[in-house]
2 protein chains.
Amino acid sequence: MSRITGARERARTEITAAIKDEARRQLAEEGAGRLSLRAVARTLGIASSALYRYYPSRDELLTALIVDAYDALGADAERALAAAGPPAGPPLVRWQAVCRAVRAWALEHPHEYALIYGSPVPGYSAPLVTTGPAARVGLALIAVARDAHAHGTLGAPGSPPALPPGLRADAERLAAELDIPLPAPAVAELVAAWVQLFGLVSFEVFGQLNRVVDARAEFFDQAVVRLARSLGLTGDSLSGQPAVTERGSSEGS
Amino acid sequence: MSRITGARERARTEITAAIKDEARRQLAEEGAGRLSLRAVARTLGIASSALYRYYPSRDELLTALIVDAYDALGADAERALAAAGPPAGPPLVRWQAVCRAVRAWALEHPHEYALIYGSPVPGYSAPLVTTGPAARVGLALIAVARDAHAHGTLGAPGSPPALPPGLRADAERLAAELDIPLPAPAVAELVAAWVQLFGLVSFEVFGQLNRVVDARAEFFDQAVVRLARSLGLTGDSLSGQPAVTERGSSEGS
DNA sequence: CACAAAACGAGAGCACTGCTCTTGCTTTTC
DNA sequence: GAAAAGCAAGAGCAGTGCTCTCGTTTTGTG
C-alpha cells in the first residue's frame, strides 16, 4: 500500500487531493448545492473533463467530502474526549467535552455539517463507505458511558419507563454489534441522547433557533447536562467557559 | 380583498395556484434541489418565461412552498391537538397527539419537511413571511403546557438545574412575546422539548436512524413521553397504536 | 531499446438549468 | 376608440454535469 510510487501515480494522488481540497473550500464557502465541478476545475487550471479522470461524478466527489467531514468531526470529538481526563475521571466532564466538540465543529463548519447531518441530497444515498467514519462520534459517546460503567460512576438511568420490546431488541442488537458492556436500558438511553445531541446542534446550525433562543451556548450546555443526568452520568458540571462563545444570530439580511 | 374579480385577475390566481401545485408535486417527488421551473412550465404547457410573471424567481416559488409546508404541518398539529380531548384532559395525551402528528406529517412529506427543517438552501434566507406559519407547531406545544398549567395538571419540571441568566432572559422574553402564562423554567423546558421533538423527527426522516434503530415508532414514543415528563405533564401514556406504524428502513440501494 | 497499452489533458458538444429581453397580442382602462 | 397595462412565446445568455473524441505522454513489457 505504501510502496514507492512512480511519478505518474504520485501526481495522481496529488491531483486527487488538490481537487478534493478545492472542492472542500468551495463547499465551505457556498454550500453543497453550489459546489460546481467546472468551478473547481477552473481554479485548478485544468479542463473540466480532466476532472472526471479523478472523480467519476459529482456524487463521488461529494461522497469523499462526506467521509472527510465525518472523519474530521469524529477526530475532534475523540480529541476532546482524550483531553477531558482519564476514563476514571468524572464522566459528566467527559460527556460535556464530546458534546461541546461536536457543537463547536458544527458551528465552525456549517456547510460540511449540513452535508452529513442535513437533508439528504435527492438522488444520493450514502454508500457504506461512510458508515465507519459516521460512527466515530457515537463511539465516543459510548466510550464515556462504558468507562463510567466500568469505574462505577454510572448511576441508575434517570427514568427507565419499561423498555418496549422492539426498542429492547434494538438495544440488545446494538450492544452485541458494538460490544457495549451495558444493560439494554442504558444503551437505549444512550441512543436517545445521541439523537438529541445532534438535534440540538442541527437546530442551531440550521438557524432554527433564530429569534427564539439567543443564549445558545447556555441552552446547549443545559441540555447536554440534562442528557448526561438522564444517562446516569455523575460529576459536577463545568459551567464556565463553554467551548463556543455566544455570538449574534448569524442570519444575513 | 374579496371583491368580484375580472376574468384576467381570476385567471391569474388560478394559474398562480396551478404553478404552485405542480411545483409541490415535483418537490414531493424529487426534492427541492431538483425542482425545475422549466419542468413545471413544461408539464403546465406554458413557456418557461411565462412562469416568471407569476413567481419572479425560483426562490420566491420555494418561499411559497415553504409557507405552505409550515401551514400544512401546523394545521395537522392543531387538528391533532383539537382531536386529543379538551384542554382540561390529561395533558400527556394531548402532548403525544401533537408530537405524533408532527412525525406522521414529516414521514408522509419528507421532502417538504426537509425544505423547512433541513439544511437551509445556500443563498436563501427565510423571509419574515415564514415566521408566522413556522410558529404554529410551537404554539400548539405551548397550548398543551398552558392548558395543563391552567387546569392544575402541570407538575413540577423534572430537573430545574438553576436556569442560567441568559437562558432565563430568553425564557422571559419568549413568555412576554407569546403571552405564555408559565414560569421561566417551564418555558425553557418547553423550548428544549420543542427542539428535541424536531431533532427526533429530523433524524428519522433524514435516514440517520438507519441501521441503528428499527423500532422507530417505539423509539419516538418513548422519547416523547420522556419529554412530557420532564415538562411535568401528567397522565397515562397511550402506548398502543402509534400514529405511524413501523416500516422497514427506507433507504435505496 | 522499441513498441503496444494504458493513462491523460483538452476541446467540442449535448441536454439541461435559471433568468432576461424583445416581439407581438389581448385585455383593461380612460 | 385609443392608450396603457398585462400577458405568452421565442430567442438568447451564462452556467451546469457529463460524454466523446483526439492527440500526447507515460508506463510496463517483449
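Quick caveat, the model's predicted, so the values are computed rather than measured. First the proteins, then the strands, lettered A, B, ... as listed; each starts at 1.
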D:dC18, OP1 or OP2 - any side-chain N/O from A:S48 closer than 4.0 Å?
no
Going through the checks in order, is the side-chain contact (heavy atoms from CB on, under 4.5 Å) test met by A:Y113 and A:F198?
CA-CA 10 Å; A:Y113 180 83; A:F198 284 100; 3.5 Å; yes
Which residue lies more 5' along DNA chain D, comparing A:A39 with B:A47 via nearest heavy atoms
B:A47
N-O pairing of B:R10 and B:E14 below 4.0 Å:
no
From OH of B:Y55 across to P of C:dT17 the rounded distance in Å is 19 Å
N or O in side chain of A:R53 less than 4.0 angstrom from C:dC8 OP1/OP2
no
I'd like to know if B:S49 reaches the base of D:dA9 with its side chain such that a donor and an acceptor end up less than 3.5 angstrom apart.
yes
Could you tell me the separation between the CG atom of B:L37 and the C1' atom of C:dC16, rounded to a whole number of Å?
13 Å
Spacing of B:L51 atom CG relative to C:dT17 atom P, expressed in whole Å
12 Å
Return no unless some side-chain N or O of A:Y54 is found under 4.0 Å from OP1 or OP2 of C:dG9.
yes
Any heavy-atom pair between the side chains of A:V187 and A:L178 that's under 4.5 Å?
no
A:Y52 side chain N/O closer than 4.0 Å to the phosphate oxygens (OP1, OP2) of C:dG9?
no
Rounding to a whole Å, what distance do you find between B:D59:CG and C:dT17:C1'?
14 Å
Going by atom types alone, do B:S202 and A:Y117 pair a side-chain donor with an acceptor below 3.5 Å?
no
Would you kindly give the CD1-to-P distance between A:I15 and D:dT26, to the nearest whole Å?
12 Å
Pair of N/O donor and acceptor under 3.5 Å linking D:dG15 base with A:R38 side chain:
no
Rounded to the nearest Å, what distance is computed from the CD atom of residue B:Q26 to the C1' atom of nucleotide C:dT17?
13 Å
Measure the distance from CG on B:L35 to P on D:dT16 and round it to the nearest whole Å.
20 Å
Atom-pair distance (CZ on B:R58; C1' on C:dC16), nearest Å
13 Å
B:W194 side chain near B:I142 side chain, heavy-atom distance below 4.5 Å:
no
Distance-only donor-acceptor test (3.5 Å): side chain B:R12, base D:dG6
no
